Undergrad: 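Below: one structure in structure tokens.
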Amino acid sequence: MVTFLFVLGVIIILFCLVAIFFLSKGEMITILMYKTGICENDMSDRLKSKEDLIIRCINIIIRQLKLDIKIFDEVKNIKANKLNNYEIDKLLSDAHKEICKIYTDNPSLRDVKSFDGIVRDLEKLEIEMISLRTLYNKCACEFNNYHSKFPYSLICKVKKFSMKSLYDGREIKGEIEKELNFIV
């Protein structure tokens, strides 16, 4: 009887240690998921603001220059196309680049004060979005690295967490260099 109680006690202690181990690892995975969720929500808000600013720019460009560009039509139909945040971000970034090209090529647009202000707001918003993309990608990469390793893979299966997609961050280097050159 004493042996049975001793074995039962050892089994209970081992079970508790394993449970504590898995709970501590699960907490780290949950924190990473929470951080990426916050970044995704902030990114959605920024994307909506960016969409509104770009649509205002498009309307001014069409009114002032009578230009009709394909990417502008795609931006106007963003809500109808049911795109995810990654696709919306890419589409809006392409439209933003096109607007910047048009802005630099047409000095007459600089006389339109509302357009000039919107372009400045877009630039500020883009810098915020770059930092959000960077933070999100950092957390998502860390999560994805853990996702494929034991015991994290088991925890992710139990909690039904899946791998995270990353935002395209190709413009980060250029934006940082522009900011650094501006400061110096």
Side-chain angles (χ1 to χ4, degrees), residues 31-145 147 161-184:
I31 288 171
L32 285 172
M33 286 298 291
Y34 177 73
K35 286 180 180 179
T36 57
I38 288 174
C39 288
E40 284 176 332
N41 290 339
D42 287 349
M43 196 62 148
S44 291
D45 293 342
R46 299 301 189 294
L47 285 171
K48 287 175 188 169
S49 298
K50 187 174 184 178
E51 179 186 351
D52 293 340
L53 290 173
I54 286 178
I55 288 175
R56 288 173 54 199
C57 281
I58 290 170
N59 291 335
I60 292 171
I61 289 170
I62 291 171
R63 188 176 61 239
Q64 294 290 323
L65 303 176
K66 313 276 189 278
L67 289 177
D68 193 24
I69 299 172
K70 181 185 176 205
I71 195 151
F72 292 169
D73 293 334
E74 292 175 17
V75 169
K76 287 181 179 180
N77 295 326
I78 246 175
K79 288 182 176 73
N81 292 339
K82 305 274 184 190
L83 302 173
N84 62 30
N85 278 353
Y86 309 103
E87 295 164 339
I88 292 171
D89 183 44
K90 175 129 178 58
L91 182 65
L92 292 178
S93 293
D94 292 344
H96 181 232
K97 287 177 189 173
E98 190 65 33
I99 288 170
C100 288
K101 257 193 266 183
I102 292 170
Y103 183 66
T104 55
D105 291 344
N106 296 292
S108 64
L109 285 175
R110 293 172 202 230
D111 296 336
V112 181
K113 296 295 181 195
S114 62
F115 189 78
D116 191 49
I118 294 170
V119 169
R120 274 191 256 120
D121 290 344
L122 271 172
E123 292 299 325
K124 290 176 189 174
L125 190 61
E126 188 61 28
I127 291 170
E128 288 177 24
M129 290 178 67
I130 287 170
S131 63
L132 271 175
R133 277 187 216 111
T134 305
L135 178 61
Y136 173 85
N137 285 346
K138 178 182 176 273
C139 293
C141 281
E142 189 175 346
F143 173 80
N144 289 345
N145 287 336
H147 189 274
F161 293 154
S162 59
M163 298 278 277
K164 293 288 189 181
S165 298
L166 300 177
Y167 281 99
D168 186 15
R170 66 188 183 283
E171 75 279 354
I172 290 176
K173 185 177 179 184
E175 289 295 323
I176 290 173
E177 287 175 4
K178 273 199 293 189
E179 287 298 310
L180 289 176
N181 289 336
F182 180 70
I183 293 172
V184 175

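Worth saying up front: this structure is predicted, and the values here are computed from it rather than measured.
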Undergrad: Is the shortest distance from a Lys or Arg side-chain nitrogen in Glu123 or Arg120 to a carboxylate oxygen in the other one below 4.0 Å?
TA: no
Undergrad: Testing the basics here: between Met43 and Leu132, what is the closest heavy-atom pair and its distance to 0.1 Å?
TA: N-CD1, 3.9 Å
Undergrad: Show the nearest heavy-atom pair for residues Leu91 and Glu74, with the distance to one decimal.
TA: CD1-OE1, 3.2 Å
Undergrad: Partners of Tyr34 by side chain to side chain contact (heavy atoms under 4.5 Å, CB included), sequence neighbours excluded?
TA: Ile38
Undergrad: State, with a plain yes or no, whether a side-chain heavy atom of Arg56 is found less than 4.5 Å away from one of Asn59.
TA: no
Undergrad: Does a side-chain heavy-atom distance below 4.5 Å link Glu51 with Leu47?
TA: no
Undergrad: Walk me through whether Ile60 and Ile118 qualify under side chain to side chain contact (heavy atoms under 4.5 Å, CB included).
TA: CA-CA 10 Å; Ile60 292 171; Ile118 294 170; 3.9 Å; yes
Undergrad: Going by an N to O cut-off under 4.0 Å, is there a salt bridge joining Asp52 and Lys48?
TA: no
Undergrad: Would you call Ser93 and Lys50 a side-chain contact if the rule is heavy atoms closer than 4.5 Å?
TA: yes
Undergrad: Report yes or no: does Glu87 contribute a side-chain atom to a donor-acceptor pair with the main-chain N or O of Asn84 at less than 3.5 Å?
TA: yes
Undergrad: To the nearest 0.5 angstrom, please state how far the CZ atom of Arg46 sits from the CD atom of Glu128.
TA: 4.5 Å
Undergrad: For a 4.5 angstrom cut-off between non-hydrogen side-chain atoms, does Ile61 reach Phe115?
TA: yes
